[in-house]
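Nothing fancy with the numbering, it's 1 onward along the sequence.
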Amino acid sequence: QVQLVESGGGSVQAGGSLRLSCAASGDTNSRSCMAWFRQVPGKEREGVASIYNNGGDYYTESVKGRFTISQDNAKNEVYLEMNSLKPEDTALYYCAAGSLAWPRCLGKITRSKYVYWGQGIQVSVSS
């Protein structure tokens, strides 16, 4: 069993920054690929960024240059640094994990690839 717990969300003004953290536990082999998703009411859950345990990352176009995904394997934590936040970044953010080889991990981020999910954490950006 893999457990994921997000932290670091909150409210910030446009142009500000937040860092989300995801604390992971359980079988390491079941979480070779980690990702962040976000969802707003009435819209599809959107993949934001993914990272592979041997290195490498991937971002959806709307956050490139603003968000950075990283991980600390010694601490079993994954992070999402969010800079230059915009009101449209407001969403419930989820941490996700799956057992994926790097080609699948570092491609289009879709819900079906991931088995384990955190509970979600709110990020609100005001103008």
Side-chain angles (χ1 to χ4, degrees):
Q1 177 72 8
V2 172
Q3 295 182 47
L4 306 172
V5 180
E6 302 99 333
S7 62
S11 182
V12 66
Q13 292 187 36
S17 299
L18 284 173
R19 189 181 80 156
L20 303 182
S21 297
C22 175
S25 61
D27 181 28
T28 302
N29 292 329
S30 296
R31 46 185 170 89
S32 59
C33 184
M34 303 289 295
W36 288 96
F37 286 75
R38 64 187 182 186
Q39 188 168 28
V40 298
K43 291 192 174 183
E44 184 178 284
R45 189 170 297 184
E46 174 191 26
V48 176
S50 61
I51 187 166
Y52 185 67
N53 62 7
N54 284 341
D57 49 27
Y58 182 87
Y59 301 91
T60 192
E61 192 67 31
S62 64
V63 308
K64 286 182 179 178
R66 299 191 298 121
F67 291 10
T68 302
I69 188 170
S70 62
Q71 64 184 358
D72 185 333
N73 289 328
K75 296 181 179 180
N76 292 309
E77 293 182 337
V78 177
Y79 311 99
L80 185 67
E81 178 71 31
M82 303 182 291
N83 299 311
S84 300
L85 283 162
K86 305 173 181 179
E88 50 263 45
D89 294 318
T90 295
L92 192 66
Y93 282 71
Y94 297 89
C95 180
S99 181
L100 304 171
W102 67 265
R104 290 189 68 210
C105 180
L106 304 181
K108 186 178 179 180
I109 306 164
T110 60
R111 291 183 68 174
S112 61
K113 292 181 179 180
Y114 297 90
V115 177
Y116 304 101
W117 295 85
Q119 79 284 355
I121 191 164
Q122 183 67 37
V123 171
S124 298
V125 185
S126 62
S127 59

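Here the side chain of Arg31 pairs no donor or acceptor atom with the backbone of Ala96 at under 3.5 angstrom.
With rounding to the nearest 0.5 angstrom, the CG atom of Leu85 is 8.5 Å from the OG1 atom of Thr90. Here the straight-line distance linking atom CD of Gln3 with atom CD of Gln1 works out to 6.0 Å at 0.5 Å rounding. With rounding to the nearest 0.5 Å, the separation of SG in Cys95 from CG in Leu80 is 9.5 Å. Distance check, rounded to the nearest 0.5 Å: SG of Cys105 to NZ of Lys113 gives 7.5 Å. Put simply, SG on Cys33 and OH on Tyr52 are 8.5 Å apart, with the number rounded to the nearest 0.5 Å. One distance of note links OG of Ser21 with CD of Glu81; it measures 9.5 Å at 0.5 Å rounding.
Side-chain contact between Met34 and Asn53 is absent, with no heavy-atom pair separated by less than 4.5 Å. Here the side chains of Glu46 and Ser62 are in contact, with some heavy-atom distance below 4.5 Å. Residues Val123 and Leu18 form a side-chain contact, since some pair of their non-hydrogen atoms from C-beta on lies under 4.5 Å apart.
Transitive grouping of hydrophobic side chains (ILVMFWY, heavy atoms separated by less than 4.5 Å) keeps Met82 and Ile109 in distinct clusters. Hydrophobic clustering (side-chain heavy atoms under 4.5 Å, transitive across Ile, Leu, Val, Met, Phe, Trp, Tyr) keeps Ile121 apart from Tyr94. In this structure, Leu106 is not a member of the same hydrophobic cluster as Ile51, with clusters built from ILVMFWY side-chain heavy atoms closer than 4.5 Å. No single ILVMFWY cluster, assembled from side-chain heavy atoms under 4.5 Å apart, contains both Tyr58 and Val48. Under the 4.5 Å side-chain contact rule for hydrophobic residues, Leu100 and Val78 do not share a cluster.
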Exercise. Checking side-chain hydrogen bond (donor to acceptor under 3.5 Å, both in side chains) for the pair Glu77/Tyr79: CA distance, chi angles, key distance, verdict?
Worked result: CA-CA 7 Å; Glu77 293 182 337; Tyr79 311 99; 2.4 Å; yes
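Within the structure, every pair that satisfies the ring-ring contact (aromatic ring centres under 6.0 Å, His included) test and touches residues 18-48, not counting sequence neighbours, is listed here: Phe37-Tyr114, Phe37-Trp117. For residues 86-99, the salt bridge (Lys or Arg N to Asp or Glu O under 4.0 Å) pairs, not counting sequence neighbours, are Arg38-Asp89, Arg66-Asp89.
For the residue pair Lys43 and Gln39, the shortest heavy atom distance occurs at O-NE2, 3.2 Å. Taking both residues in full, the closest heavy atoms of Pro87 and Ser127 are given as CG-CB, 4.0 Å, listed atom of the first, atom of the second, then distance.
In summary, the side chains of Glu6 and Gln119 do present a donor paired with an acceptor at a separation below 3.5 Å, with no hydrogens or angles considered.
Applying the side-chain contact (heavy atoms from CB on, under 4.5 Å) test to Ser30 and every residue at least two apart in sequence or in another chain returns Val2, Asp27, Tyr116.
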